[in-house]
Amino acid sequence: MKMAAPTASKAASLGCNNKPPAFPELDFRSGARVEELNKLIQEFTKHDQREYDDQRALEIHTAKDFIFSMLGMVQKLDQKLPVANEYLLLSGGVREGVVDLDLDELNIYARGTDYDMDFTLLVPALKLHDRNQPVTLDMRHSALCHSWLSLRLFDEGTISKWKDCCTIVDHINGATNYFFSPTKVADWFYDSISIVLSEIQKKPQRGMPKVEKVEKNGTIISIILGVGSSRMLYDIVPVVSFKGWPAVAQSWLMENHFWDGKITEEEVISGFYLVPACSYKGKKDNEWRLSFARSEVQLKKCISSSLMQAYQACKAIIIKLLSRPKAISPYHLRSMMLWACDRLPANYLAQEDYAAHFLLGLIDDLQHCLVNKMCPNYFIPQCNMLEHLSEETVMLQARKLSSVRSDPAEHLRTAIEHVKAANRLTLELQRRGSTTSIPSPQSDGGDPNQPDDRLAKKLQQLVTENPGKSISVFINPDDVTRPHFRIDDKFF
């Protein structure tokens with residue numbers, strides 16, 4: 001005898017065709033809920049991003065104006081620096097990985113404890129801006145991504161001014177070659193800044209920032225200024241500035257990249273720098289490192305906000321966790337992020353609710369690089385930035401990262417607590433500090449139509465309209481009242 005099939009209502013009552021309850025999306029390795037990780041990343045971002053009110057904007061202007069005025073006075077000491085110079089001002093200090101520099105020789109400064117805001121300022125000691133062809137550097141004595149710099153590329157006047165900051169090599173044929181020395185340039189720069197600051201402090205002006213600390217950290221000069229209720233860290237880096245593109249990175253331009261069609265190649269290859277850092281086995285007195293900081297400012301415009309949030313959270317975790325020994329820097333993490341942008345589809349990376357996936361992916365990528373002791377430079381892939389590390393060091397760091405990957409939520413909570421504690425310290429200082437408006441260093445508080453006040457209002461507007469972004473400035477030290485601003489997205 002045939003039995004009738006159960007009706008839909010009976011099937012439902014018997015449990016047939018019932019879908020199992022939807023499970024929340026989980027991370028396979030840690031078991032963490034992806035939704036919870038996304039919320040934690042959002043909370044970290046909320047506390048990590050600083051809102052600038054009118055008072056803070058004016059304090060930022062006052063500190064910037066003081067630093068630029070100081071550099072103008074440095075130029076006038078012995079005319080070494082170019083008269084009309086183009087600085088690159090980046091949000092975030094050197095310790096945040098905004099430039100590829102070694103962190104081993106840097107003193108430890110903590111946000112909240114030592115400063116409230118941090119910036120990196122690249123100051124060209126020499127400029128080579130008159131060449132349109134690929135720039136060929138003398139890399140015969142150096143590891144990849146590094147170079148010596150002969151002053152033969154410059155005129156006699158430049159050689160005469162800078163010969164005391166060079167190492168001298170005599171050739172068999174009797175010719176003398178002067179090689180620009182990063183360590184000697186840094187020594188001269190620190191001495192010159194110290195002289196200028198000493199002179200400035202002999203004649204303090206109303207509203208002038210208080211110089212709380214001036215230190216030479218390797219080849220970097222770190223200055224902490226107290227301005228009203230804010231403390232601002234400036235890491236000032238002497239560099240050599242080039243227009244064009246280095247020949248050693250020419251093949252990189254032939255590849256496909258995530259930024260293709262979003263920004264022009266001319267924007268990406270507008271220039272590069274030599275920064276004062278040497279390779280693991282290089283000669284410190286002679287060797288400079290290639291830096292593509294100007295290009296990176298352009299590339300970050302093409303990175304999605306969710307990936308940037310994941311990057312910032314991951315950076316906060318590794319800065320604390322991998323601080324000893326200093327094998328991995330935030331710059332390594334940023335390089336991995338750029339490679340990920342080339343590797344993964346743009347529409348995937350644009351997903352707004354994928355920050356947790358991106359964070360876990362960055363941790364996986366970093367661990368993969370450590371285990372394989374391989375992290376290619378994004379612009380010069382044949383340069384492995386981890387090649388010099390010992391097997392013992394990379395495995396120690398990989399094991400530390402394994403603990404993060406096993407419990408990413410807990411490490412995010414720790415990062416959130418750290419940034420909240422730093423913010424509390426800043427707020428406490430502001431409560432104790434001045435709450436009145438801060439005039440600019442050159443302002444006597446009288447005429448409201450002075451150029452400095454107009455400049456302050458302009459900067460205030462720029463900062464308000466572009467929160468968290470970097471500002472490039474072209475300025476003539478003989479006329480600091482007329483800078484030209486270029487606003488970029490937040491430098492990572």
Side-chain angles (χ1 to χ4, degrees), residues 26-32 34 37 40-41 95-97 100-104 143-146 252 255 257-258 277 279-282 289 292 296 303 307-345 348-349 354-415 492:
L26 301 178
D27 169 39
F28 187 90
R29 174 69 187 88
S30 65
V34 170
L37 294 178
L40 288 170
I41 293 170
R95 293 158 191 79
E96 294 290 317
D100 182 16
L101 289 167
D102 300 321
L103 307 183
D104 299 19
L144 276 169
C145 286
H146 298 81
W252 178 79
E255 305 294 333
H257 296 290
F258 72 98
S279 60
Y280 179 62
K281 293 183 179 180
R289 180 174 298 163
F292 301 89
E296 289 163 352
I303 297 177
L307 180 55
M308 279 304 305
Q309 289 174 10
Y311 165 79
Q312 296 291 353
C314 190
K315 182 175 71 171
I317 292 171
I318 70 163
I319 283 178
K320 297 290 184 184
L321 187 74
L322 307 184
S323 59
R324 291 288 184 271
K326 282 196 184 307
I328 293 293
S329 82
Y331 189 82
H332 294 121
L333 181 65
R334 184 171 57 180
S335 298
M336 295 171 205
M337 179 176 64
L338 292 172
W339 281 117
C341 289
D342 274 357
R343 183 176 71 241
L344 296 165
Y348 169 76
L349 294 174
Y354 271 40
H357 295 288
F358 302 153
L359 171 69
L360 299 173
L362 287 171
I363 296 170
D364 288 341
D365 267 5
L366 188 53
Q367 197 164 16
H368 176 83
C369 287
L370 283 167
V371 169
N372 292 280
K373 210 170 77 170
M374 172 65 71
C375 180
N377 181 286
Y378 181 66
F379 299 92
I380 306 177
Q382 59 270 37
C383 172
N384 175 15
M385 296 188 290
L386 301 184
E387 185 177 23
H388 64 282
L389 297 180
S390 68
E391 296 292 336
E392 181 183 6
T393 296
V394 294
M395 291 311 297
L396 171 64
Q397 301 286 40
R399 283 195 293 271
K400 287 182 178 180
L401 270 180
S402 180
S403 70
V404 178
R405 194 61 185 82
S406 299
D407 194 356
E410 183 58 30
H411 284 83
L412 277 171
R413 292 188 193 99
T414 301
F492 49 85

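Side chains of Cys341 and Leu307 form a contact here, defined as non-hydrogen atoms less than 4.5 Å apart. Side-chain contact check for Leu344 versus Phe258: every heavy-atom pair is 4.5 Å or farther apart. When side chains are defined from C-beta on, Asp342 does not count as touching Glu255, because their heavy atoms never get closer than 4.5 Å. Proximity of Leu359 to Leu37: side-chain heavy atoms (C-beta onward) are nowhere separated by under 4.5 Å. Considering only heavy atoms from C-beta on, Glu296 stays 4.5 Å or farther from Asp100 through its side chain. The shortest distance between side-chain heavy atoms of His332 and Cys369 does not fall below 4.5 Å.
Qualifying side chain to side chain contact (heavy atoms under 4.5 Å, CB included) partners for Cys145, counting only residues two or more places apart in sequence or in other chains: Asn377, Ile380, Cys383. The salt bridge (Lys or Arg N to Asp or Glu O under 4.0 Å) search around Glu410 returns Arg413, not counting sequence neighbours. Listed by chain and number, the residues in a salt bridge (Lys or Arg N to Asp or Glu O under 4.0 Å) with Asp364 are Arg405 (sequence neighbours excluded). Scanning for ring-ring contact (aromatic ring centres under 6.0 Å, His included) contacts around Phe292 gives Trp245, Phe379, with sequence neighbours left out. Under the salt bridge (Lys or Arg N to Asp or Glu O under 4.0 Å) criterion, Arg95 pairs with Asp235, not counting sequence neighbours.
One N or O on the side chain of Ser406 and one on the backbone of Ser402 form a donor-acceptor pair closer than 3.5 Å. Using a distance-only test at 3.5 Å, with no hydrogens or angles considered, a donor-acceptor pair links the side chain of Lys373 to the main chain of Leu389. A donor-acceptor pair is defined here as one N or O able to donate and one able to accept, closer than 3.5 Å; no such pair exists between the side chain of His357 and the backbone of Ala355.
Applying the side chain to side chain donor-acceptor pair (under 3.5 Å) test to residues at least two apart or on different chains, the pairs with a partner in residues 379-392 are Ser390-Thr393.
Annotation for Pro408 and Leu360: closest pair CG-CD2, 3.8 Å, computed over non-hydrogen atoms. Taking all atoms of both residues into account, the shortest heavy-atom contact from Tyr311 to Pro330 is OH-O, 3.6 Å. The minimum heavy-atom distance linking Lys400 with Leu321 is given by the pair O-CD2, 3.5 Å. Of all heavy-atom pairs spanning Leu370 and Val394, the tightest one is O-CB, 3.4 Å. Residues Gln397 and Ala327 come closest through the heavy atom pair NE2-CB, 3.7 Å. Listed here is the closest heavy atom pair of Ser30 and Asp407: CB-N, 4.3 Å.
Between Tyr331 and Tyr378, the distance separating the two ring centers is not shorter than 6.0 angstrom.
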